Amino acid sequence: SGGKTYTATVQVSQKGGIPLVSVKEAIAMPADSWVMVSGIVSGVHKKGVVVTDEAGDAIYAYVNTTEDQLGAALGDKVNVKGQMGSYANFYQIVGPEIEVLSSGNKVTYPTPVALKDAASFETYKTGTYSSIYVEATGVTTGQYGDIKIGEWTVSPYQTSSTINIADFKDKEVTVKGYLVQYKADNILRVMLTSVKDANEQLPTIADVRKATAGDEVETVGTVMAVHQKGYIISDATASIYVYANAVPEVKVGNKVTVSGTFDNYYGTLQIKTPVVSANDNGTNPTYPTPVDLTVQATYDAYATYSKDNPTAFDYVKIKGVLQDDGRTIAVGESTKTSQLDWSSSDYTALVGKTVVVTAYMKGFHSKGYYQLMETSVVE
């Protein structure tokens, strides 16, 4: 310009793209790496949140602020951006930026790891871990509600204002939550998700059957029958179906404590998305006397079920011919058939033969057949 040349030097910097990764991928990255993790907020306290991703892995995001400034609440679906770090043997995302994508989502907890003896604590003295979901039972002590288990202490850490463990001072309680720190002197710090009186009786199965669809429920029962998608549990009051949507890990005869979401699925009262928190591994269930439906007239007169007339899970005995599919039973000339619902057993050797089936009546299908969960099929 006018015979002169001007030169300007400009330095432009741009923060690199932050990768969206799973919790497992995040904890495998070097310290101070920038990461973004997406998931549901499954734990909250006064210094941060725990986020669980789609694979069910959880990580602690350390915000270091007041609870009302966290920017996220239990059940929020979030993106969490920050730098990978660790403190006191547990991974965490440091200085996170939390973006809430949606709120009010269901929080699903895994089966907790029981902290009940020295061996269950020792693991966490060395190494580095993502946030582990745990359960402990003991008497609370001190102003923070510490629970002494032998030489170890489970210490509620900066507990959310929604969980007031001070109400349980000097009582035996069962707490659940996420491990976030190991401290010297055999202390494990836990971000609590629940606390309850350990001696409080859980609702009976009959009580649970009165719940409303969507309610969170918990009960105790003995596993009476199992198939590929779930199992039936009973107590002295009633029976209910537990829909696991997978081959169950429990066995017939186990006495289990089950929690989950109550539902009425076309007359089949059930507990969905179940979590088994206790299992005595028993093997000897006591079955009731079956309702005898071996005569066709009695079979034909037996009740059908609907959403307004839910099954009571009667224990029945049926006699008929096993059809070619190895699951369907034709009873005389009846227009109603029975089907072994998602049976885990192979009965092809009995096809075409008359069999006697003892089973729990799971429901009546809209296509016109009874759904059975058998305990025995004999020629």
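As the structure is a computational prediction, the values presented were derived from the model and not from experiment. Side chains are part of it too, since the values below use all heavy atoms of this structure and drop only hydrogens, waters and symmetry mates. The chain is numbered in sequence order, starting from 1.
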Lys255: partners by salt bridge (Lys or Arg N to Asp or Glu O under 4.0 Å), with sequence neighbours left out: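 In terms of salt bridge (Lys or Arg N to Asp or Glu O under 4.0 Å), with neighbours along the sequence ignored, Lys255 is linked to no residue.
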
Pairs involving residues 71-94, ordered by first then second residue, that meet ring-ring contact (aromatic ring centres under 6.0 Å, His included) (sequence neighbours left out):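 Residue pairs with at least one partner in residues 71-94: Phe90-Tyr129.
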
Residue pairs involving residues 232-269 (criterion ring-ring contact (aromatic ring centres under 6.0 Å, His included); sequence neighbours excluded):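 Residue pairs with at least one partner in residues 232-269: His227-Tyr241.
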
Short side-chain to backbone donor-acceptor contact, [X] and [Y], under 3.5 Å:
{"X": "Ser155", "Y": "Tyr157", "value": "no"}
{"X": "Thr237", "Y": "Ala206", "value": "yes"}
{"X": "Ser120", "Y": "Asp117", "value": "yes"}
{"X": "Thr268", "Y": "Lys362", "value": "yes"}
{"X": "Glu200", "Y": "Asp197", "value": "no"}
{"X": "Lys24", "Y": "Ala55", "value": "no"}
{"X": "Ser234", "Y": "Thr222", "value": "no"}

Ile240 vs Ile232, side chain to side chain contact (heavy atoms under 4.5 Å, CB included): CA-CA, chis, key distance, verdict: CA-CA 6 Å; Ile240 197 166; Ile232 288 173; over 6 Å; no

Does any part of the side chain of [Y], heavy atoms only, come nearer than 4.5 Å to the side chain of [X], both counted from C-beta?
{"X": "Lys317", "Y": "Val291", "answer": "no"}
{"X": "Met84", "Y": "Ile27", "answer": "yes"}
{"X": "Ile318", "Y": "Thr294", "answer": "no"}
{"X": "Val316", "Y": "Tyr302", "answer": "yes"}
{"X": "Val321", "Y": "Ile329", "answer": "no"}
{"X": "His365", "Y": "Gln339", "answer": "no"}
{"X": "Gln371", "Y": "Trp342", "answer": "no"}
{"X": "Pro203", "Y": "Val208", "answer": "yes"}

Counting only heavy atoms from other residues, nucleotides and ligands, does the tally under 6.0 Å from [atom1] of [X] exceed 12?
{"X": "Glu97", "atom1": "CD", "result": "no"}
{"X": "Asp324", "atom1": "CG", "result": "no"}
{"X": "Asn284", "atom1": "CG", "result": "no"}
{"X": "Lys229", "atom1": "NZ", "result": "yes"}

Distance-only polar pair, side chains of [X] and [Y], donor-acceptor under 3.5 Å:
{"X": "Asn79", "Y": "Ser38", "answer": "yes"}
{"X": "His45", "Y": "Tyr60", "answer": "yes"}
{"X": "Tyr299", "Y": "Ser338", "answer": "yes"}
{"X": "Asn105", "Y": "Ser102", "answer": "yes"}
{"X": "Ser103", "Y": "Asp76", "answer": "yes"}

Side chains of residues 372-379: which donor-acceptor pairs under 3.5 Å do they make with residues two or more places apart or in other chains?
residue : atom : partner : partner atom : Å
Glu374  : OE2  : Ser343  : OG           : 2.6
Glu374  : OE2  : Tyr347  : OH           : 2.9
Thr375  : OG1  : Tyr315  : OH           : 2.6
Thr375  : OG1  : Thr358  : O            : 3.3
Thr375  : OG1  : Thr358  : OG1          : 3.2
Ser376  : OG   : Thr358  : OG1          : 2.5

Which pairs count as salt bridge (charged side-chain N to carboxylate O under 4.0 Å, His left out) when at least one residue sits in [range], sequence neighbours excluded?
{"range": "residues 204-224", "result": "Lys106-Glu216, Lys196-Glu218"}
{"range": "residues 285-314", "result": "none"}
{"range": "residues 135-153", "result": "Glu135-Lys176"}

Rounded distance [0.5 Å steps], CD1 in Ile59 versus CG in Asp53: 9.5 Å

Residue pair [X] / [Y]: nearest heavy atoms and the distance that separates them:
{"X": "Val180", "Y": "Ser131", "result": "CG1-OG, 4.5 Å"}
{"X": "Asn89", "Y": "Tyr182", "result": "ND2-CD2, 3.6 Å"}
{"X": "Ala58", "Y": "Val23", "result": "O-CG1, 3.8 Å"}
{"X": "Tyr231", "Y": "Pro274", "result": "OH-CB, 4.5 Å"}
{"X": "Pro112", "Y": "Val275", "result": "CD-CG1, 4.3 Å"}
{"X": "Ile93", "Y": "Gly82", "result": "CG2-CA, 3.6 Å"}

Partners meeting side-chain contact (heavy atoms from CB on, under 4.5 Å) with Ala330 (sequence neighbours left out):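 side-chain contact (heavy atoms from CB on, under 4.5 Å) list for Ala330, sorted by chain: Gln323.
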
Residue pairs involving residues 270-280 (criterion side chain to side chain donor-acceptor pair (under 3.5 Å); sequence neighbours excluded): Asn254-Asn279

Side chain to side chain contact (heavy atoms under 4.5 Å, CB included) between Leu188 and Tyr124, intermediate numbers included: CA-CA 8 Å; Leu188 284 176; Tyr124 307 107; 3.9 Å; yes

Ring centers of Tyr370, Phe364 separated by less than 6.0 Å: yes

Within one Ile-Leu-Val-Met-Phe-Trp-Tyr cluster: Tyr62 and Met191, side-chain cutoff 4.5 Å: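 Shared cluster, yes.
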
Stepwise side-chain hydrogen bond (donor to acceptor under 3.5 Å, both in side chains) test for Asn309 and Ser306: CA-CA 5 Å; Asn309 179 34; Ser306 66; 5.2 Å; no

Trace of the side chain to side chain contact (heavy atoms under 4.5 Å, CB included) decision for Val217 with Thr261: CA-CA 6 Å; Val217 295; Thr261 305; over 6 Å; no

Residues that Thr311 engages under side chain to side chain donor-acceptor pair (under 3.5 Å), provided they are two or more places apart: none

Residue list, side chain to side chain donor-acceptor pair (under 3.5 Å) with Arg189, at least two apart or on another chain: Gln181

Hydrophobic cluster (4.5 angstrom, side-chain heavy atoms) - remaining members for Leu202: Val220

Step-by-step side chain to side chain contact (heavy atoms under 4.5 Å, CB included) determination, Val35 to Met29: CA-CA 9 Å; Val35 297; Met29 297 176 74; 3.4 Å; yes

Verdict with reasoning, Tyr133 to Tyr178, per ring-ring contact (aromatic ring centres under 6.0 Å, His included): CA-CA 5 Å; Tyr133 195 62; Tyr178 290 97; 5.0 Å; yes

